[in-house]
Structures are given as structure tokens and as C-alpha cells.
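Structure record follows, encoded as C-alpha cells.
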Amino acid sequence: QVQLVESGGGLVQAGGSLRLSCAASGRSFSVYHMGWFRQAPGKEREFVASTRWSTGSTYYSDSVKGRFTISRDYARNTAFLEMNSLRSEDTAVYYCAAGVRWSPHLSINNAYDYWGQGTQVTVSS
């Protein structure tokens with residue numbers, strides 16, 4: 001029902017920056033929140049950042065807090081992830097996710113109903 005189209009991944013040097021975009025579209029839906037997760041080889045998928053659509057409240061994992069910024073274009077159902085001061089350990093496939101129901105917990109997989117295909121972010125050192 002909802003399609004998420006991600007863009008912006010690529011190769012970047014350590015200390016550099018990258019901006020990811022995620023556009024959500026569908027026949028009829030309301031976005032309650034959108035978020036970003038990532039998964040590195042051999043590791044579990046982990047929460048990165050999320051935002052509540054109505055309030056703009058933002059949440060970050062400890063590993064990216066102060067370096068990454070999540071934002072949204074409310075009118076276009078588009079989320080962004082600005083990544084600064086990138087480190088080698090940030091290398092992962094980054095997934096955009098959207099929730100269409102209110103949830104009290106935005107850092108868990110079950111809070112999201114739709115997922116993008118993922119975009120590779122590689123940080124070289």
C-alpha cells in the first residue's frame with residue numbers, strides 16, 4: 001500500500017557527510033512517524049533515528065546523536081537523514097521505515113509498517 005523510495009547512499013571518506021532521502025507514497029494513508037534503521041554485515045538491524053510526523057519530535061540512538069539529524073517535509077511525506085562526521089563503523093545498509101499507526105515506541109521494528117529496500121552507505125578510512 002505504501003512505497004518508500006530511498007536515495008542518497010554511496011561511498012564517502014571518514015569525516016565526510018551524506019544526506020539520505022526517503023519519499024513515501026500510497027493510495028490513502030497517514031504517516032504517523034518515519035525512521036531510519038541500519039544493518040551492518042553480521043550484525044542485527046539497529047535503530048538510528050525517527051521523527052513523529054505531527055509534532056516533529058526526533059529521537060536518536062546514542063551512536064549517532066550529535067552527528068546525524070532527521071527531518072521531514074510534511075507536505076511531501078519525505079524524510080531525510082543528514083549524516084555528518086561519518087565513521088567507518090557507520091558503514092551499513094540504511095533502511096527507511098514508515099508507521100501508519102500511533103506507537104509509543106519508535107526505536108523498535110514493530111512500530112513500522114512499511115520498509116524501503118535499503119541504500120548502501122560505505123565510509124572508507
Side-chain angles (χ1 to χ4, degrees):
Q1 184 179 355
V2 176
Q3 296 82 45
L4 304 179
V5 180
E6 301 162 315
S7 62
L11 175 65
V12 64
Q13 291 282 340
S17 299
L18 212 58
R19 186 173 186 252
L20 306 182
S21 300
C22 176
S25 62
R27 302 297 180 183
S28 180
F29 71 97
S30 296
V31 174
Y32 277 71
H33 49 269
M34 293 186 71
W36 293 92
F37 292 73
R38 67 186 183 185
Q39 186 168 25
K43 296 185 177 180
E44 300 286 339
R45 180 162 51 185
E46 66 172 346
F47 169 77
V48 175
S50 66
T51 180
R52 293 193 185 276
W53 225 246
S54 61
T55 66
S57 300
T58 58
Y59 309 88
Y60 300 93
S61 68
D62 290 340
S63 62
V64 308
K65 192 175 183 64
R67 300 187 298 121
F68 292 10
T69 302
I70 187 171
S71 60
R72 88 264 197 258
D73 185 332
Y74 191 94
R76 292 182 171 84
N77 281 348
T78 301
F80 306 93
L81 186 67
E82 181 75 31
M83 304 182 294
N84 299 310
S85 302
L86 283 163
R87 307 164 180 167
S88 179
E89 54 262 40
D90 294 318
T91 295
V93 176
Y94 283 70
Y95 297 92
C96 175
V100 297
R101 292 183 177 186
W102 179 87
S103 174
H105 310 295
L106 302 189
S107 63
I108 61 174
N109 294 346
N110 288 344
Y112 301 88
D113 304 287
Y114 299 95
W115 295 79
Q117 297 184 41
T119 184
Q120 176 70 230
V121 172
T122 302
V123 184
S124 64
S125 59

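Atoms considered below: every heavy atom in the structure, side chains included; atoms not considered: hydrogens, waters and symmetry mates.
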- Message: Suppose clustering is done on Ile, Leu, Val, Met, Phe, Trp and Tyr with side-chain heavy atoms closer than 4.5 Å. Which residues sit in the same group as Tyr32?
- Response: Trp102
- Do Val100 and Tyr74 share a hydrophobic cluster (ILVMFWY, side-chain heavy atoms under 4.5 Å, transitive)? yes
- First locate atom CZ of Arg52, then atom CG of Leu106, and finally report the distance between them rounded to the nearest 0.5 Å. 4.0 Å
- Query: Do Tyr94 and Val64 share a hydrophobic cluster, counting only Ile, Leu, Val, Met, Phe, Trp and Tyr and linking them when any side-chain heavy atoms are less than 4.5 Å apart?
  - Reply: yes
- Query: Would you call the rings of Tyr112 and His33 parallel, tilted or perpendicular, where under 30° means parallel and over 60° means perpendicular?
  - Reply: perpendicular
- Task: Kindly work out whether a path of hydrophobic side-chain contacts (I/L/V/M/F/W/Y, heavy atoms less than 4.5 Å apart) joins Tyr95 to Met83.
- Result: no
- Message: Using only atom types and a distance under 3.5 Å, with no angle test, would you say the side chain of Thr78 pairs donor to acceptor with the backbone of Arg76?
- Response: yes
- Please assess Trp36 against Cys22 for the test side-chain contact (heavy atoms from CB on, under 4.5 Å), listing each intermediate value before the final yes or no. CA-CA 9 Å; Trp36 293 92; Cys22 176; 3.7 Å; yes
- Message: Let me confirm one number: the SG-CZ distance from Cys96 to Phe80, rounded to the nearest 0.5 Å.
- Response: 10.5 Å
- Thr119 OG1 to Leu18 CG distance, which is reported to the nearest 0.5 Å: 8.0 Å
- Item | Heavy-atom donor-acceptor pair, Tyr60 side chain to Ile70 backbone, under 3.5 Å | yes
- Task: Would you confirm whether the ring centroid of Phe47 sits within less than 6.0 angstrom of the ring centroid of Tyr59?
- Result: no
- Task: With sequence neighbours excluded, give me every salt bridge (charged side-chain N to carboxylate O under 4.0 Å, His left out) pair touching residues 36-45.
- Result: Arg38-Glu46, Arg38-Asp90
- Query: Do you know the tightest heavy-atom contact between Glu82 and Ser17?
  - Reply: OE2-CB, 4.4 Å
- Task: With rounding to the nearest 0.5 Å, note down the distance linking CG in Asn110 to OG in Ser103.
- Result: 8.5 Å
- Same apolar cluster (I L V M F W Y, side chains within < 4.5 Å links), Val2/Trp115: no
- Would a hydrophobic clustering, with Ile, Leu, Val, Met, Phe, Trp and Tyr connected at side-chain separations under 4.5 Å, put Met34 with Val48? no
- Message: Looking at Ser57 and Thr51, would you say the former's side chain and the latter's main chain have a donor-acceptor pair under 3.5 Å?
- Response: no
- Query: For the atom pair OG (Ser7) and CZ (Arg19), what is the distance rounded to the nearest 0.5 Å?
  - Reply: 9.0 Å
- Can you measure from OG1 (Thr58) to CZ (Arg72) and round to the nearest 0.5 angstrom? 10.0 Å
- Query: Does the Thr122 side chain pair with the main chain of Thr91, one donor and one acceptor, at a distance under 3.5 Å?
  - Reply: no
- Item | Residue Gln117 excluded, over 12 heavy atoms near CD under 6.0 Å | no
- Item | Under 3.5 Å: donor-acceptor pair, side chain of Arg67, backbone of Ser85 | yes
- If only atom types and distance count, is the side chain of Gln39 paired as donor or acceptor with the main-chain N or O of Val93 below 3.5 Å? no
